[in-house]
Number of protein chains: 2
Amino acid sequence: MNISHAAKASGLPVKTVRYYADIGLVAPAGRTEAGYRSYDAASVRRLAFIRRAREFGFSIEESRELIGLYQNDARSSADVKKLAAKRLEQIEQKQRELQVLHDELKHLVRACRGDNRPDCPIIDYLG
Amino acid sequence: MNISHAAKASGLPVKTVRYYADIGLVAPAGRTEAGYRSYDAASVRRLAFIRRAREFGFSIEESRELIGLYQNDARSSADVKKLAAKRLEQIEQKQRELQVLHDELKHLVRACRGDNRPDCPIIDYLG
DNA sequence: CGAAACCTTCCCGTAAAAGGATAGTTAAGC
DNA sequence: GCTTAACTATCCTTTTACGGGAAGGTTTCG
């Protein structure tokens with residue numbers, strides 16, 4: 001399977017598939033005589049696994065850990081849960097930060113008349 | 001006022017103050033004979049304005065627009081409100097995305113036993 | 001006067017690719 | 001069988017918003 005086929009099958013752009021090969025995250029199954037990367041079902045599964053991990057917001061390095069566990073039959077679910085719980089905590093932290101920002105900014109936007117006069121509580125606040 | 005003094009007064013790192021000068025966001029008031037950047041009260045106010053805009057999550061380019069309005073006495077509050085409302089929408093979009101992620105991941109983490117056995121709904125889901 | 005504490009520019013590295021240049025390879029159509 | 005379109009390869013640059021550090025000039029303190 002050539003790289004564009006593997007890309008489609010895994011739901012990733014070709015550039016990204018090549019990038020993942022370059023950084024040693026998902027190696028192609030092999031190379032053709034002409035040097036073209038070739039992928040098989042297993043390597044495509046790994047690509048799709050990474051795509052889903054990334055969609056969850058796991059970093060490349062976290063995804064690397066996860067795929068290590070994915071391919072390790074002797075893994076413990078505790079190890080996986082630990083990574084997921086850490087990511088969950090990151091998400092919750094970001095949510096708290098965004099909530100504060102949201103409330104402050106919403107307050108300012110509501111207080112701003114938004115007409116053609118220059119006085120503006122948003123500018124007042126920032127300045 | 002030398003750069004480290006201006007940095008302290010504005011609450012920014014020296015590196016960042018230099019960077020803002022390089023990209024034409026906040027120019028120093030002038031240069032000494034030896035080529036040192038020198039800042040006055042007005043330029044420090046601009047630095048602090050940018051710092052607060054950045055803390056609100058406005059990008060550098062958005063901050064550049066905002067400071068343009070800040071320094072423009074003929075601005076309309078509608079222009080400022082437009083930028084702020086756009087940023088507010090970005091925040092709300094991010095909040096919605098994070099909420100979906102949070103709920104899914106939380107569900108998976110709850111369902112995972114987290115013991116020393118290999119079977120794990122998180123891995124199952126990603127794979 | 002010498003050393004510490006400034007300051008300058010320049011270049012590299014970050015995360016995670018995307019975009020583009022240039023060149024080699026393969027598949028399709030006629 | 002030949003052209004050409006559509007692939008593929010590597011390599012380099014760009015993105016965001018700086019941070020780290022080198023090499024070297026300046027100022028200030030004791």
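Because the structure is predicted, anything quoted here is derived from the model rather than measured. Protein chains get the first letters and strands the later ones, always in sequence-line order, with residue 1 at the start of each.
Using a 4.5 Å heavy-atom threshold, the side chains of F49(A) and I123(B) count as touching. Residues R45(B) and Y70(B) meet the side-chain proximity criterion, which asks for heavy atoms closer than 4.5 Å. Inter-residue side-chain proximity for L108(B) and F56(A) is flagged as met; some heavy-atom pair is nearer than 4.5 Å. For the pair L83(B) and L69(B), the minimum side-chain heavy-atom distance is below 4.5 Å.
Contact between the side-chain N/O atoms of R18(A) and the OP1/OP2 oxygens of dT10(D) is not found at any separation under 4.0 Å. The shortest distance between the side-chain N/O atoms of Y20(B) and the OP1/OP2 oxygens of dA17(D) is not below 4.0 Å.
Counting only residues at least two apart or on different chains, no side-chain hydrogen bond (donor to acceptor under 3.5 Å, both in side chains) pair has a member in residues 23-37 of chain B.
Using a 3.5 Å distance cut-off with no hydrogens or angles, the side chains of D119(B) and S77(A) do not pair a donor with an acceptor.
Each of I50(B), I23(B), V26(B) was scored for a side-chain contact (heavy atoms from CB on, under 4.5 Å) with R64(B), with one residue passing: I23(B).
Residues from residues 2-11 of chain A lying near DNA chain D, meaning a heavy-atom separation below 4.0 Å, are N2(A), I3(A), S4(A) in numerical order. For DNA chain C, the neighbouring residues in residues 26-42 of chain A, judged by any heavy atom under 4.0 Å, are A34(A), Y36(A).
Atom pair I23(B):CD1 and dA17(D):P shows a separation of 8 Å (rounding to whole Å applied). The separation between I50(A) atom CD1 and dA16(C) atom P is 11 Å, rounded to whole Å. In this structure, CD of E62(A) is placed 14 Å from C1' of dA16(C), rounded to the nearest angstrom. Remark: P of dG19(D) and CG of L12(B) are 9 Å apart, rounded to the nearest angstrom.
D103(B) pairs by the side chain to side chain donor-acceptor pair (under 3.5 Å) definition with Q99(B), not counting sequence neighbours. Residues satisfying the side-chain contact (heavy atoms from CB on, under 4.5 Å) test with A111(A), not counting sequence neighbours, are P121(A).
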After noting the C-alpha distance and the side-chain angles of R96(A) and Q93(A), does the key distance pass the side-chain contact (heavy atoms from CB on, under 4.5 Å) rule? CA-CA 5 Å; R96(A) 286 190 291 272; Q93(A) 176 60 32; 2.7 Å; yes

For nucleotides 11-16 of chain D, give me one character per nucleotide, 5' to 3': B if any protein heavy atom sits under 4.0 Å from the base, S if the only such contacts are to the sugar-phosphate, - if neither. B-----

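Contact between L101(B) and E55(A) at its shortest, heavy atoms only, is CD2-O, 3.4 Å.
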